[in-house]
Amino acid sequence: MDNQTKFMITCMLFAAICSSVSSDEWKATVVKSIDALVTSCVVVPCSFSHTGGNLPSSRLRAMWHEKDDKKRNIYHEDYTLIKDNFKDRTQLVGRLGQNNCTLEITGVKDHDNGPFCFRVELVRTENNDPTKDKFPFVEDCVELKMLTEPPKPTVIKPKTATQGEPYTVICSVIHTCPTHVPKLTWNHDSTNIIVHHKDIKHGNWEMQSILTFIPEEKDDNREIICTAEFNGGLKSSETFTLHVKRIENYNHIIIPAVVGIGTALLFGIFCIFMRIKLSVNKKETFILSSVSILSCR
């Protein structure tokens, strides 16, 4: 292959790349609003797409900025370009090569409201210098709804527990920080605890703890507490009173009844035996009397 042919092929490839990345078919999908617990963290789901297919992460540079000012970055690959009050608090948890621009904010402050927008730029792989291809998505931004109090857990349970039978309680809490999940604990000692964590969409996640134990009579009217501890140290809890249905003990009725029935049977058998004996004695006396009379004659 001569140099002229190589040059033409290179030009064609460059033109194809430029046409794909310069098109208007770049789109971003960002959750519009999400709860953020102060002192904790929040993960903002974000994805983007373009007609040119997947590009390697080395060709992409991402930043998040305030909607009103593209230069006020809350995240940038260049640390010096991040606003001071966001430094060391933001990072991308998504891979750009997989079109994932998900952002994590830690140590949430009560003024981190936003809105915040995602922007992507193409860079040259040789020296990481930016190109003219820059794609802001100011129509797809996220606003944080600040929570100063942590959400309370929800408890699902049967109304009544039965003594000696397994009893299962489910405690769950909704959160928006899957990178630092809340911890659910019980005030009841049990080795039978199952934990689940699932995505319930739109940036919301559910942490669930399932407790199973065998209630005893002493557990009646006992308070059961489920506590959620969030990243940052804030806690919330839910409490309910356990009502244990006792298994009735009929021994105090059954034993005297059995004794009484047994005594009656024994007494009845004794009476029958005595009647039989008396009857036999009478017959013997009658026979003897008859024999005596006959002998006298």
Side-chain angles (χ1 to χ4, degrees), residues 13-14 16-34 36-37 39-109 111-144 146 176-181 199 203 205 231-232:
L13 289 173
F14 182 76
I17 293 174
C18 288
S19 63
S20 66
V21 298
S22 301
S23 68
D24 294 330
E25 294 303 318
W26 283 69
K27 297 180 180 178
T29 302
V30 182
V31 62
K32 298 294 183 183
S33 177
I34 189 170
L37 178 62
T39 74
S40 185
C41 57
V42 61
V43 173
V44 180
C46 171
S47 62
F48 64 98
S49 61
H50 51 84
T51 56
N54 287 353
L55 293 171
S57 296
S58 58
R59 286 221 60 205
L60 299 168
R61 176 182 293 169
M63 58 279 301
W64 282 81
H65 60 85
E66 294 182 359
K67 184 174 183 178
D68 297 334
D69 190 346
K70 295 179 182 178
K71 294 183 180 180
R72 297 173 65 86
N73 298 301
I74 67 168
Y75 168 79
H76 199 288
E77 291 182 13
D78 186 345
Y79 183 80
T80 62
L81 298 179
I82 301 176
K83 290 180 59 179
D84 288 343
N85 63 328
F86 279 97
K87 286 181 177 179
D88 300 318
R89 294 203 296 123
T90 58
Q91 67 171 333
L92 281 187
V93 292
R95 294 179 60 86
L96 294 177
Q98 298 175 356
N99 296 342
N100 189 329
C101 45
T102 298
L103 175 74
E104 178 196 63
I105 304 175
T106 59
V108 173
K109 302 181 184 301
H111 51 73
D112 292 344
N113 305 74
F116 303 121
C117 310
F118 170 67
R119 185 170 85 254
V120 64
E121 299 176 352
L122 295 183
V123 297
R124 295 180 176 87
T125 56
E126 297 82 8
N127 49 19
N128 201 34
D129 287 340
T131 67
K132 294 182 180 180
D133 298 309
K134 302 179 180 181
F135 304 95
F137 303 100
V138 292
E139 301 302 322
D140 298 280
C141 304
V142 61
E143 187 169 358
L144 306 185
M146 314 311 296
T176 56
C177 186
T179 54
H180 300 82
V181 299
D199 182 2
W205 294 74
N231 173 258

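Throughout, residue positions are numbered sequentially from 1 according to the sequence presented.
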Under a 4.5 Å cut-off applied to non-hydrogen side-chain atoms, are I34 and P45 in contact?
yes
Side chain to side chain contact (heavy atoms under 4.5 Å, CB included) for Q91 and T179? Distances and angles first, verdict last.
CA-CA 11 Å; Q91 67 171 333; T179 54; over 6 Å; no
Considering all heavy atoms, the nearest V120-M63 contact:
N-SD, 4.5 Å
Of the non-hydrogen atoms in R89 and G107, which two are nearest, and what is the gap between them?
NH1-O, 3.0 Å
Using 0.5 Å steps for rounding, measure from the [atom1] atom of [X] to the [atom2] atom of [Y].
X: K27; Y: D140; atom1: NZ; atom2: CG; answer: 10.0 Å
X: H65; Y: C141; atom1: NE2; atom2: SG; answer: 6.5 Å
X: D88; Y: T106; atom1: CG; atom2: OG1; answer: 8.5 Å
X: R119; Y: R61; atom1: CZ; atom2: CZ; answer: 10.0 Å
X: L60; Y: R95; atom1: CG; atom2: CZ; answer: 11.5 Å
X: E143; Y: K67; atom1: CD; atom2: NZ; answer: 9.0 Å

So if I apply the side-chain contact (heavy atoms from CB on, under 4.5 Å) rule between [X] and each of [options], which one comes out positive?
X: F116; options: L144, V44, L103; result: L144
X: E77; options: L92, V123, L96, I82; result: L96
X: W64; options: I105, T90, V142, N73; result: V142

For the ring pair F48 and F118, is the centre-to-centre distance below 6.0 Å?
yes
Just do the side chain to side chain contact (heavy atoms under 4.5 Å, CB included) check on C46 and F137 with the steps written out, would you?
CA-CA 11 Å; C46 171; F137 303 100; over 6 Å; no
Mind running side chain to side chain contact (heavy atoms under 4.5 Å, CB included) on S40 and V108 for me, showing each step along the way?
CA-CA 6 Å; S40 185; V108 173; 5.6 Å; no
Can you check side chain to side chain contact (heavy atoms under 4.5 Å, CB included) on S47 and N99, steps first, answer last?
CA-CA 6 Å; S47 62; N99 296 342; 5.6 Å; no
Neighbour count >12 (heavy atoms, 6.0 Å) for atom NZ, K87
yes
Are the side chain of D112 and the backbone of K109 linked by a donor-acceptor contact shorter than 3.5 Å?
yes
